[in-house]
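Some notes on the structure that comes next.
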There are 2 protein chains.
Amino acid sequence: MEFNIEKYHLKSSSLFDSLSYEESQLIKNGIIRKEYLKGECLFKEHSFSKGIYIIKKGKVKIFQTNSDGKEGIVYIYKKGDYFGYRPLLAEEPHPVSAVAMDHVIVSFVPKELFLEVLESSATLAKELIVNLSKEFSVWINKMTIFSQHSVKDKVALSLLILNKVYQRNEDSSKSVFISINRDDFAGFVGTAKETLVRMLRIFKDDKIITTKGTKIIILKHRVLLNMVENM
Amino acid sequence: MEFNIEKYHLKSSSLFDSLSYEESQLIKNGIIRKEYLKGECLFKEHSFSKGIYIIKKGKVKIFQTNSDGKEGIVYIYKKGDYFGYRPLLAEEPHPVSAVAMDHVIVSFVPKELFLEVLESSATLAKELIVNLSKEFSVWINKMTIFSQHSVKDKVALSLLILNKVYQRNEDSSKSVFISINRDDFAGFVGTAKETLVRMLRIFKDDKIITTKGTKIIILKHRVLLNMVENM
DNA sequence: AATAAAAATTGACAATTGTCAATTTTGTTT
DNA sequence: AAACAAAATTGACAATTGTCAATTTTTATT
């Protein structure tokens with residue numbers, strides 16, 4: 001079985017490509033540009049969705065906070081990704097919070113406008129279903145791996161996922177700075193910060209990764225791939 | 001924060017209720033009744049979806065098999081639930097396998113028919129989106145809990161989920177026989193069978209559950225709820 | 001009911017992971 | 001560049017969990 005990172009990482013697809021000219025004009029006129037500082041909250045768990053967000057710049061972490069205050073990071077969205085529509089469609093409160101990981105710029109489509117366009121556009125509905133379905137697959141794949149493997153394995157896979165998240169262009173050969181703090185990384189892996197750091201240390205000692213300050217650079221992509229392929 | 005099992009367990013909704021008379025006739029005539037013996041496979045991971053399944057009788061486990069041969073059970077579907085449509089919509093192979101846990105009877109709607117009806121019915125599309133969104137929420141909730149808690153906590157929550165799955169009618173006060181083998185239960189929790197058994201032993205010693213042969217009965221529902229509420 | 005096969009349970013032990021308390025490094029501000 | 005605060009790292013240890021090898025119980029079959 002060959003390893004494919006897309007099993008664990010959703011490729012972003014543009015949401016409004018399929019719209020008619022009128023529809024896209026409608027959207028274009030109704031879109032609101034919003035900015036968030038690092039650490040600022042886009043929406044909170046249990047609140048109701050006010051619309052959908054399309055990232056223009058920066059990264060947004062999606063997480064649940066447990067009773068100890070620990071964050072379980074479910075996803076990190078990047079430029080081109082869109083989110084916030086699921087609870088809107090299901091008419092449920094957000095199961096998660098969204099916080100800017102750096103300086104973030106988004107296009108915000110208010111609920112009413114979005115639903116109006118959705119009513120008229122069967123292709124948009126289709127697009128959403130497909131996107132949901134794909135996100136679901138990514139989730140199931142990631143979660144079954146995560147429920148059955150050691151922290152070391154989970155860190156290896158997470159490094160590959162984050163490599164994709166922080167990659168600037170399609171060329172995956174170029175070295176990437178994974179710029180994530182250890183608390184967030186630990187929350188993404190679902191482990192304690194100290195345990196995460198120890199696994200990074202092992203990978204550093206093996207010269208599989210290196211760090212420049214807080215940033216992580218993958219040196220031996222191939223070795224991580226092999227680890228994950230044999231999981 | 002009050003505990004609500006529906007965060008972790010999807011209430012089944014009927015799929016074709018919203019159809020027009022013609023559409024439902026079309027479906028009715030195209031539906032195929034299928035039966036599966038205990039342990040028989042409905043579909044395998046990596047295969048392409050041939051249609052959608054609606055359970056009339058029995059339980060179906062949905063799982064991924066890892067390289068060690070261990071099954072990670074992501075869901076157990078019961079009477080009234082439908083599944084198999086996600087990869088069909090996304091035009092992807094099944095990320096999971098489906099196997100009958102007992103004698104199962106399903107209504108099977110072949111792909112072509114289903115897609116035909118979907119084309120014409122906006123309400124069906126809506127229904128699917130809502131269902132997908134809800135399933136997603138359930139998933140995220142379950143998984144963040146699972147990634148951050150001890151096996152004992154996970155078993156407590158799993159008992160409550162399985163209690164719902166094996167419940168015959170809406171009246172949750174009646175005692176329920178959870179009839180699942182330990183391998184499957186362990187796969188559902190994401191732990192080793194032996195560890196699972198040890199947790200069940202603790203709960204048995206505390207008179208929170210009891211077992212009749214292989215079957216599990218919850219005696220102190222309230223205590224489990226409290227455990228989960230404080231997670 | 002006796003028997004065999006399968007499943008569940010327990011014990012002992014090793015490996016993994018989490019927690020708490022330092023210590024070191026990095027980043028920011030003056 | 002110095003000084004401070006924040007973040008990352010390490011050490012020591014305890015708690016949790018997984019594995020392997022019996023043993024017991026349950027289920028299915030005759």
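Owing to the predicted nature of the structure, the values given are computational and were not obtained by experimental measurement.
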* Summary of ring-ring contact (aromatic ring centres under 6.0 Å, His included) pairs that have at least one residue in residues 68-90 of chain A, sequence neighbours excluded -> A:Tyr53-A:Phe83, A:Tyr75-A:Tyr77, A:Tyr77-A:Phe83, A:Tyr82-A:Tyr85

* Which residue pairs satisfy the salt bridge (Lys or Arg N to Asp or Glu O under 4.0 Å) criterion with at least one member in residues 48-58 of chain B, sequence neighbours excluded? -> none

* Report yes if some heavy atom in the side chain of A:Lys78 is under 4.5 Å from a heavy atom in the side chain of A:Tyr166; otherwise report no. => no

* Please determine, for the side chain of B:Asn181, which listed nucleotide (C:dG18, C:dA7, D:dT10) has the closest atom? => C:dA7

* Residue whose nearest DNA chain C nucleotide is more 5′ - A:Glu194 or B:Lys193 -> B:Lys193

* Specify the residues of residues 141-154 of chain A, ordered by number, for which at least one heavy atom lies under 4.0 angstrom from an atom of DNA chain D. => none

* Hey, are B:Lys204 and B:Thr210 close enough side-chain-wise for a donor-acceptor pair under 3.5 Å? -> no

* Rounded distance in Å - NZ (A:Lys204) to P (C:dT24) -> 16 Å

* Would you kindly give the CZ-to-P distance between A:Phe185 and D:dA7, to the nearest whole Å? => 18 Å

* Asked: Can you find a side-chain donor-acceptor pair between A:Ser97 and A:Gln64 that sits under 3.5 Å?
  -> no

* Structure fact -> Between CD1 of B:Ile178 and P of C:dA8 the distance, given in whole Å, is 14 Å

* Taking only residues two or more places apart in sequence or in another chain, which ones pass side chain to side chain contact (heavy atoms under 4.5 Å, CB included) with B:Ser150? -> B:Lys152, B:Asp153

* To do: Scan side-chain atoms only and decide if B:Ser133 and A:Glu92 contain a donor-acceptor pair under the 3.5 Å cut-off.
  => no

* Using the six-membered ring of B:Tyr8, assess whether NZ or CZ of B:Lys142 lies under 6.0 Å from its centre and within 45 degrees of the ring axis. => no

* Asked: Rounded to the Å, how far apart are B:Ile216 CD1 and C:dT9 P?
  -> 8 Å

* Asked: To the nearest angstrom, how far is A:Arg198 atom CZ from D:dA8 atom P?
  -> 15 Å

* Rounded distance in Å - CE (B:Met199) to C1' (C:dA8) -> 16 Å

* Asked: To the nearest 10 degrees, what angle separates the axes at the start and end of the helix from C:dA1-D:dT30 to C:dT30-D:dA1, five pairs each?
  -> 50°

* To do: Give one of base, sugar-phosphate or nothing for A:Thr191, where a contact means two heavy atoms less than 4.0 Å apart.
  => sugar-phosphate

* **Cation-pi check, B:Lys215 onto B:Phe177 ring (under 6.0 Å, within 45° of axis)** => no

* Indicate yes or no: at least one non-hydrogen side-chain atom of A:Arg182 is less than 4.5 angstrom from one of A:Ile216. => yes

* Grab the CD1-C1' distance between B:Ile180 and C:dA7 for me, whole Å please. => 14 Å

* Asked: Where along nucleotides 22-30 of chain D does protein come under 4.0 Å, by heavy atom, of base (B) or sugar-phosphate alone (S), with - for untouched nucleotides?
  -> ----SS---

* Asked: Going by an N to O cut-off under 4.0 Å, is there a salt bridge joining A:Glu35 and A:Arg33?
  -> yes

* Would you say the side-chain atoms of A:Ser158 pair up with the backbone N or O of A:Lys154, donor to acceptor, closer than 3.5 Å? -> yes

* Asked: Quick one: is A:Arg182 getting a side-chain N or O under 4.0 Å of the D:dT9 phosphate, OP1 or OP2?
  -> yes

* Gap between atoms CG and C1', on B:Asp183 and C:dA8 respectively (whole Å) -> 10 Å

